[in-house]
Amino acid sequence: MNVFQLRKPTNSYDVIDLDLVSMAKQIVSKTGQSFDDVLDIVMEEIPDGNKTLLELSEDGFDCKYDPRAKKQNYDVNLYGNFLVLNARAYECLSKVISEYGEFSPLRTDGEELFLFNPLDFGKEDLSQTEKAYLDGYEDGLKSLVFDNDDISGKLLFKSKLQGGLSIYCTDDFKSILSDNKLCGLIFSNDLLSPF
């Protein structure tokens, strides 16, 4: 079974302007929690799967749709450790990927977009996954391999060892995008590269 890391196409634009700070500010305005507490949650607990976006902001987020990204017209966009889907992609994918995460509506300037927060984790095969060390201290991973039995049948997942910051998929997800002619993602065999 092939596993891929989802990547943005080269020279693509960020689809929206919703960074973690603006996301945290919107949550603070709704909940009254402290900014520092919410920022910690958004930066650490959301990727780790300990909290969900819907727990913090069930009605979604306000943002702007970048005009340059609008011209690229991608159906699915990688945005940090989230996916942003246009209405067509949402219609095609929402039923098949909803068990792997949550959808949050995005209020933009007239465009219907949805933020997908992956919540499922793939179990790493620790016999083949190797940690990297720098000056005797743990420094990420040299290799990452997922347990085929665990990810069999999954479409999208994250890695606990990667801190939930990358999104991975199987051939099945790649096929669904291809069958529906949805564009905007690159499927990389290099599971650790940040580029």
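Along the sequence shown, residues are numbered consecutively beginning with 1. Computed from a predicted model, the values in this text were never measured in an experiment.
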Going by heavy atoms in the side chains, are [X] and [Y] under 4.5 Å from each other?
X	Y	value
L56	I46	yes
T108	K70	no
D14	K8	yes
D190	L192	yes
L141	E124	no
L144	V3	no

Note to self: Could you check whether K25 makes a cation-pi contact with F61, meaning its NZ or CZ is under 6.0 Å from the centre of the six-membered ring and within 45° of the ring axis?
What the structure shows: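 Not satisfied by the 6.0 Å and 45° rule.
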
With rounding to the nearest 0.5 angstrom, report the [atom1] to [atom2] distance, [X] to [Y].
X	Y	atom1	atom2	value
I16	E111	CD1	CD	13.0 Å
D120	K158	CG	NZ	9.5 Å
N148	D150	CG	CG	9.5 Å
K123	T129	NZ	OG1	11.5 Å
K131	L161	NZ	CG	6.5 Å
I41	D48	CD1	CG	12.0 Å

Counting distance only, does the side-chain N/O of [X] pair as donor-acceptor with the main-chain N or O of [Y] below 3.5 Å?
X	Y	answer
S104	L115	no
T170	G153	no
E102	L53	yes
Y74	P9	no
Y168	G122	no
K154	F121	yes
S152	D149	no
N77	V15	no
D125	V145	no

Item checked: Connected hydrophobic set around Y100, excluding itself, where side chains approach under 4.5 Å ->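 F4, L6, V76, L78, L83, L85, Y90, L93, V96, I97, F103, F114, F116, L155, L156, I167, F173, I176, L177, L182, L185, F187, which link up through side-chain heavy atoms under 4.5 Å apart, make up the rest of the cluster.
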
Margin query: If hydrophobic residues (ILVMFWY) are linked whenever their side-chain heavy atoms come closer than 4.5 Å, directly or via other members, who joins L119 in its cluster?
Written below: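 For L119, no cluster forms, as it stays isolated from other hydrophobic side chains.
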
Item checked: Option from S166, S188, S12 for which side chain to side chain donor-acceptor pair (under 3.5 Å) with R7 holds ->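 That would be S188.
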
Please say whether more than 12 non-hydrogen atoms of neighbouring residues, nucleotides or ligands are located less than 6.0 Å from [atom1] in [X].
X	atom1	value
E58	CD	no
K160	NZ	yes
M1	CE	yes
Q33	CD	yes
E91	CD	no

Margin query: Under the criterion salt bridge (charged side-chain N to carboxylate O under 4.0 Å, His left out), I'd like the reasoning laid out for D75 against R88: C-alpha separation, chi angles, the key distance, then a yes or no.
Written below: CA-CA 7 Å; D75 300 301; R88 188 171 94 77; 3.4 Å; yes

Next item on the list: Check D59 against P105 and note the closest heavy-atom contact, atom names and distance.
Entry: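 Residues D59 and P105, closest heavy atoms: O-CG, 3.7 Å.
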
Item checked: Heavy-atom pair with the smallest gap, counting every atom of C63 and L106 ->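 So the minimum-distance heavy-atom pair works out to SG-CB, 4.0 Å.
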
Next item on the list: Could you verify whether a donor N or O on one side chain and an acceptor N or O on the other, from Q5 and S193, lie under 3.5 Å apart?
Entry: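 Their side chains do not contain a donor-acceptor pair, so the 3.5 Å distance test is not met.
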
Next item on the list: Indicate whether any N or O donor in one side chain lies under 3.5 Å from an N or O acceptor in the other, for D172 and S175.
Entry: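 Short answer, no.
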
Is there a chain of hydrophobic side chains (I, L, V, M, F, W, Y, each step under 4.5 Å between heavy atoms) that links [X] to [Y]?
X	Y	answer
L54	V84	no
Y13	Y65	no
L165	Y79	no

Next item on the list: Before giving the answer on side chain to side chain contact (heavy atoms under 4.5 Å, CB included), spell out for Q26 and L18 the whole-Å C-alpha distance, their side-chain angles and the decisive distance to 0.1 Å.
Entry: CA-CA 10 Å; Q26 289 183 48; L18 185 66; 3.6 Å; yes

Notebook entry, point to check: So F157 and F146, would you call those rings parallel, tilted or perpendicular, with 30° and 60° as cut-offs?
Noted result: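 F157 and F146: perpendicular rings.
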
